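Some notes on the structure that comes next.
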Amino acid sequence: MIPPIPRYLVPFQPKRIPHHFVDVMILGGGIAGLRAAMEIDPRLELLMVTKDRMRESNSRYAQGGIAGVLAPDDRLDNHVADTLAAGANLGDRSVVEQVIHEAPDHIRQLIAWGTRFDEEEGGDLMLGREGGHSHHRVVHAMGDATGKEIIRAMIHRVREELQAQIWPNTFVIDLLTHEGECRGALVWNAKHGKTFVWAKQTILCTGGAGQVYRETTNPAVATGDGHAVCYRAGAVLADMEFMQFHPTVLYIAGSSRSLITEAMRGEGSQLVDSTGHRFMPDYDDRAELAPRDIVSRSIVEQMAKTNHPCVYLRSGHLDADWVRQRFPGIARTCQEFGIDIATDPIPVRPGAHYMIGGVRVDPEGRTSLPRLWAAGEATASGLHGANRLASNSLLEGLVYGARAGAASSRAAMEEPDHFRAIPLENSMETGGHENLDLADIRNSLKSLMWRDAGVWREGETLAAAGQTIDGWIRYALGRQLSGPSGWELQNMLALSRLIIEAATLRTESRGVHLRTDFPETDDDHWRRHILLVRGKKPTFVEV
Ligand code: SIN
């Protein structure tokens with residue numbers, strides 16, 4: 001059982017904190033947040049709050065691309081079928097169909113807004129292929145810098161054309177709620193300290209949570225703050241057991257754990273073990289192009305069989321100049337460590353990549369809390385089921401960002417302007433006077449999550465990990481910590497506990513959730529989502 005998690009992270013008294021009023025507030029500046037911003041009626045006052053610089057988000061680091069049916073030999077039904085198959089019988093068919101059908105238009109719109117996707121010589125879009133896709137359908141930019149290019153073009157539009165108000169380097173401490181509705185957020189930045197931002201409508205697009213794991217492709221900002229603030233505010237969270245592990249993360253002591261895009265395998269690169277054996281055909285007929293849950297699991301098994309800490313991605317059989325030119329960013333990163341990606345095997349192993357679970361949203365991006373909308377990686381929309389298909393994540397951010405933006409804009413337009421602060425107050429006992437070594441708890445948590453809630457999980461070790469985290473929660477969550485690093489850790493502890501809880505409850509293996517003690521998929525009992533709400537028992541809903 002999840003231990004009590006305090007409602008707010010910090011005490012506050014409205015008289016001592018400045019108040020700011022907007023019509024719509026967007027939390028997060030990745031693809032979902034930017035796309036939402038573009039739907040807000042220009043007559044409304046819009047504020048975007050980003051945790052770091054505007055451009056720093058998981059979206060920016062996306063390498064592979066955006067999936068959409070654009071090739072003449074492809075069909076929408078193929079993309080739908082691939083998405084549902086990857087999702088291991090837990091995806092919501094109607095959501096999948098709607099999103100996949102909208103994909104081509106969203107991609108064309110990005111081009112109209114200035115995104116420069118890679119093209120073939122004749123000017124057609126160059127389409128890549130990735131694991132789980134039956135056809136070439138992934139648009140990409142600058143080889144392996146798709147996220148960077150999309151975010152560049154979108155930020156330009158939001159800044160220059162929409163002239164949105166932006167608060168960068170601003171941490172969202174908590175959502176403010178009153179009588180069961182979201183009224184905005186308590187935020188902090190170095191310039192103004194704590195500020196109440198009262199918003200008629202709030203859209204949460206805070207992204208992922210890979211940083212709760214020791215091995216991850218995610219940047220430092222991805223600590224799951226949005227998941228934690230939603231939980232504390234009482235919103236329904238779903239599918240928290242489904243953290244997706246990307247199969248190929250660069251594994252070199254001292255390097256960042258950079259993503260080695262799945263598109264490399266799409267172009268023909270092969271996985272070999274430490275003896276040089278190409279092992280993926282032993283596990284799946286689709287070999288390196290099996291969905292990523294299967295590839296990650298196979299890599300882990302092969303690492304165990306060979307008693308070696310990684311496997312290798314080799315491209316020596318492909319045209320060397322083409323490989324370097326197609327993946328310039330990866331070539332640059334690996335070159336720093338003396339690896340030529342065209343000729344040398346790249347050491348890789350899985351790492352936490354994408355949080356499938358999150359705040360539950362309906363097809364318009366509406367959460368269970370009135371006046372709170374959400375889009376992108378912080379949500380559970382039903383698109384990904386139990387395993388996300390490669391390059392469907394930027395797509396989800398676009399589709400749901402647009403929907404949540406449009407719906408919240410309509411709602412804000414309908415609301416009268418006499419919108420006032422609510423006399424919210426939070427006094428809390430702040431237990432403990434000893435300074436906590438935050439870095440020590442953070443590192444211990446990340447190692448624990450990697451070991452006990454990683455690619456493979458097991459009931460007994462999940463239970464022990466839960467108890468350890470409960471102990472940390474007891475002494476770290478009841479304290480008043482004074483800045484982002486402390487609040488981030490408090491969020492990571494709460495979020496990890498939710499992952500452990502859901503992983504414990506799901507006594508089967510499905511998609512990215514693998515239990516050594518329950519290795520089979522159990523459709524009779526578990527074609528269900530696990531819903532978690534603060535202060536309530538978990539509930540289960542059929543797909
Ligand atoms: C990759 O480039 O392999 C990652 C793309 C994705 O996560 O969909």
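This is a predicted model, so every value here is computed, not measured. Atoms within each ligand, like the ligands themselves, are counted from 1 in listed order.
A perpendicular orientation is assigned to the rings of H353 and H246, their planes being inclined by more than 60° (bins at 30° and 60°). Ring-plane geometry between F242 and H513 is classed as perpendicular, the angle between the planes exceeding 60 degrees on a 0 to 90 degree scale with a lower cut at 30.
For ligand 1, the protein residues placed under 4.0 Å by at least one non-hydrogen atom are Q63, G64, H246, L259, T261, E262, R292, H353, R388, A390, S391.
Residue pairs satisfying the side-chain hydrogen bond (donor to acceptor under 3.5 Å, both in side chains) criterion with at least one member in residues 492-504, sequence neighbours excluded, are listed as follows: D470-R497, R497-E501.
Under the side-chain contact (heavy atoms from CB on, under 4.5 Å) criterion, L489 pairs with L438, I441, R442, L493, not counting sequence neighbours. Residues forming a ring-ring contact (aromatic ring centres under 6.0 Å, His included) with F279 (at least two apart in sequence, or on another chain): none.
Between the E364 side chain and the A407 main chain, no donor and acceptor come within less than 3.5 Å of each other.
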